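Accompanying notes for the structure given below.
Throughout, numbering of the chain's residues begins at 1 and tracks the sequence. As the structure is a computational prediction, the values presented were derived from the model and not from experiment.
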Amino acid sequence: MHRRGLLAATAATGLSLATVSFAHAADRPGPGPDDGPQRTRTVRGTLPVGSPDYVYLPVEVPRGVAEFAVSYTYGKPPVPSGVQGNALDIGLFDERGTALGGRGFRGWSGGARSSFFVRADAATPGYLPGPVRPGTWHIALAPYTVAPEGLPYEVTVTLRFGDAAPTPAPVYPPERAKGRGRAWYRGDCHVHSTHSDGRRTPAEVAAAARAAGLDFINSGEHNTTSAHAAWEGLWGDDLLILTGEEITTRNGHVLAVGTDPGVFVDWRYRARDHRFGRYAHQVRRAGGLVVPAHPHATCIGCNWKFGLAEADAVEVWNGPWTPDDEVALAEWDNTLVASVRNTDVRNADVPNTGVRNTDDGPGRWLPAMGNSDAHREPDRVGHPQTVVLAESLSRRAVLAGIRAGRSYLAESATLTLSFGATDGRGRHAGIGERLRAAADAPVTVRLEVSGAPADCTVRLVTDQGVLLTTPLPAAGAGVVEWRTTPDHAAYVRAEVRHAPAVPGLPGAFAALTNPLFLDVAAD
C-alpha cells in the first residue's frame, strides 16, 4: 500500500498522512500473545525537503487487538560532504490523540531502533505498556534531516489479536535513600539507558553509578518516561534514583530533573512557538528542575535557543571537557556578572546576619551543573558529577541543594574540595551563599583541594575575570588562600584545571565550583 503526500494539519505542529485501515485486511496466521491471527499493512512514501517536524500516520485500530507492532526503514542515499543526509525518528500516540501535552503519548525511540511493540503487559523500551484500545492511533514520523532528493520511507504496521494480559502496576523508585544526614552527595543527572538511545540496561547504569561513587542519578531518557518503572530492585540505601526526562526539541535539549514518576513532558515545539514556558512550568509543578543541557553542543538541534529565563540551573559541563563546554562556561559566567550588576542585589535590605543563602532573597542567579550524558562504553557515568550539599539523600533535599547552587562539579569521586570566604569578624559563607561586609572590609577566600590529578592549576574567577592562577602541588592536594574585598569581587568561584593540551589555551576541567557572593553591606 502506498501513501504519498502530506494531508491534514494536526494539533501538534505537524501534518497527517492518509489513514491506514485494517477493515478489509486478510487474516493470516502468525505469532502473537495468544498465537492468534495478525494483520499487517505496509505504507510507503517520500517526505520532501521542508517537511514539518512531525508527520503523523493514522492507524484505525479495531476491537480485539492485543498488540500493536511497528517496523520501519528509510532510504539513506549518499550525499556530498557538508550536505545533510536522511534521518527519521519515530514514536507512537494512542487513540487519545496527538494534542500537545495530551494523554495520548505511548512512546518514543527517536532513531535508536527500527521496530517496537506495545501491548497491555509489556512494551519495547521507550514505550509504555497498556491496553491497545480501538480507535485512531498515530505513528509519529519525525524527519530530523532530509537529503536534497527527499526521504523515502516504508512503515509496516502489524496488529496481533487475542486476549490482553493485565497491565502491571508500575513500581517507581522511592524518594529517599538512607544517606548520611546533612552531607555532600555526588550525582549524575544526565544518563541514558536502552529506554532511549543508550546501550546500557538500567541495571548496568545503576552498577556504573555505584562504581563511580555516586549517591544519586536522574533517569532522563529522550522524550519518554518508560524508564521510570524500570529501576525496581536497582535502588538501595546507597543509591537514590530520581525520575525525569531529557526533553529533546529541535531547538535544544533540556533536562527535567527529579519530576514526579510517570509525568511526561512534551517536546514538539520550537522557540518561535512560544510554548517552552508552559512546559517548564509543568516540570516545576511536578517537583522537578529545568536544566538546559549542553547548550552549545554542535549536533543538529542541540544548540539551546529558548533562553535561560525559565532555567533552574544550566549544564555547563557535559561529558569529557570540549570547546563547546568552554563556551557554555563563559556564557554562564556572563550571567553571574549580569546578576551582580543589579545594585539592588549587591545592597539588598536584608537582616544584617552577615551570611545568607542565595535562594532566600533578591539577586537570582543560575547555578551550574555537570553531568556525564553517558550512553554506552566507553562513556563514563559520573564523569563529570555534581556534588551537592543536601540535608539528606532525598529527592526534595538534593533538588533544593542544586537549585540553591550549593554544589561543585568534579570529574570523579576521587576529587574533593572545600571552598569558602571569611571576614574579619569570623563570619563565613560557603558555595552558593552570600557574605555581607563593608565595601572595603578584608575577606579571605580559601580553597582546599584533595585527590586532584597531577599538574593541575587553580584559578579564582570573579566578576572582574581571572584574578589568581596558581599551580597545585604535584600530589594533587593543597590549600589556596586569597584576600579581597566586596568592592573588588562581587563573587568568587574556583576552577581546578588540567595542564593545557594546547599551549595558550586553558586546560580541561578537573573541578569547578558554583560561586560564593560578597555583598556590600548597607551603611
message = Show every disulfide (SG to SG under 2.5 Å) that has at least one partner inside residues 262-334, sequence neighbours left out.
response = Cys299-Cys302

message = Which residues pass the side chain to side chain contact (heavy atoms under 4.5 Å, CB included) test with Thr249, not counting sequence neighbours?
response = Ile247, Asn251, Trp267, Tyr269, Phe306

query = Partners of Arg200 by side chain to side chain donor-acceptor pair (under 3.5 Å), sequence neighbours excluded?
reply = Glu377

query = Would you say Arg497's side chain and Gly507's backbone share a donor-acceptor pair under 3.5 angstrom?
reply = yes

task = Quick one: sort the Trp317 and His383 rings into parallel, tilted or perpendicular, breaks at 30° and 60°.
result = perpendicular

request  = Mind checking side chain to side chain contact (heavy atoms under 4.5 Å, CB included) for Pro152 and listing every partner two or more places apart, or none if nothing turns up?
outcome  = Thr46, Asn86

request  = Carefully, step by step, assess His488 and Gln464 under the rule side-chain hydrogen bond (donor to acceptor under 3.5 Å, both in side chains).
outcome  = CA-CA 8 Å; His488 185 56; Gln464 308 298 325; over 6 Å; no

task = Locate the shortest heavy-atom distance separating Val118 from Gly130; write the atom from each residue and the value.
result = CG1-O, 4.3 Å

Heavy-atom pair with the smallest gap, counting every atom of Ala368 and Val316 = CB-CG2, 3.7 Å

query = Can you tell me how far the CG atom of Asp188 sits from the CZ atom of Arg380, to the nearest 0.5 Å?
reply = 11.0 Å

query = What heavy-atom pair brings Tyr172 and Gly262 nearest, and what distance separates the two atoms?
reply = OH-CA, 3.9 Å

ask   = Going through the checks in order, is the side-chain hydrogen bond (donor to acceptor under 3.5 Å, both in side chains) test met by Asp197 and His375?
value = CA-CA 7 Å; Asp197 58 346; His375 284 71; 3.1 Å; yes

inquiry  = Before we go on, tell me: are the rings of Trp365 and Tyr491 under 6.0 Å apart, centre to centre?
reply    = no

task = Test side chain to side chain contact (heavy atoms under 4.5 Å, CB included) on Ile402 and Val398 and set out the steps.
result = CA-CA 6 Å; Ile402 294 172; Val398 166; 4.0 Å; yes

request  = Enter the distance from Leu255:CG to Thr248:OG1 here, rounded to the nearest 0.5 Å.
outcome  = 8.5 Å

ask   = Is a side-chain N or O of Trp332 found less than 3.5 angstrom from the main chain of Leu366, in a donor-acceptor match?
value = yes

Between CZ on residue Phe216 and CG on residue Leu242, distance to nearest 0.5 Å = 7.0 Å

message = Can you see whether Asp373 engages His192 through a side-chain donor-acceptor pair at a distance of less than 3.5 angstrom?
response = yes

request  = Could you pull out all residues at least two apart from Ala280 that satisfy side chain to side chain contact (heavy atoms under 4.5 Å, CB included)?
outcome  = Phe276, Arg284, Val290, Glu310

request  = Check Phe264 against Asn223 and note the closest heavy-atom contact, atom names and distance.
outcome  = CE1-O, 4.1 Å

Note: Arg493-Asp333 ion pair, threshold 4.0 Å (strictly below) = yes

query = Do you know the tightest heavy-atom contact between His138 and Tyr56?
reply = CD2-CB, 3.8 Å

remark   = Heavy-atom closest pair (Ala229 atom, Pro170 atom, distance to 0.1 Å) is CB-CB, 3.8 Å

inquiry  = What verdict does the side chain to side chain contact (heavy atoms under 4.5 Å, CB included) test give for Asp260 and Arg395, after you've listed the backbone C-alpha separation in whole Å, the side-chain angles of each residue and the deciding distance to 0.1 Å?
reply    = CA-CA 10 Å; Asp260 294 334; Arg395 176 172 78 141; 2.7 Å; yes

key: Ser193 side chain to Gly198 backbone, donor-acceptor under 3.5 Å   = no

task = With side chain to side chain contact (heavy atoms under 4.5 Å, CB included) as the test, would you mind laying out the steps for Thr225 and Thr243 before giving the verdict?
result = CA-CA 8 Å; Thr225 59; Thr243 55; over 6 Å; no

request  = Output the distance between atom CG (Leu329) and atom CG (Asp324), rounded to the nearest 0.5 Å.
outcome  = 11.5 Å

message = Checking Leu88 against Leu47 for the side chain to side chain contact (heavy atoms under 4.5 Å, CB included) test, could you report, in this order, the C-alpha distance in whole Å, the side-chain angles of both residues, the deciding distance, and whether it holds?
response = CA-CA 10 Å; Leu88 182 63; Leu47 299 175; 4.1 Å; yes

query = Rounded to the nearest 0.5 Å, what separation is found between the CG atom of Leu214 and the CD1 atom of Ile241?
reply = 11.5 Å

query = Residues two or more places apart in sequence or in another chain: which of them pass side chain to side chain contact (heavy atoms under 4.5 Å, CB included) with Arg96?
reply = Asp94, Arg103, Arg106, Arg133

note = Separation between CG (Asp273) and CZ (Arg278), nearest 0.5 Å, reads 11.5 Å

Gly370 backbone acceptor or donor facing Thr386 side chain under 3.5 Å = yes

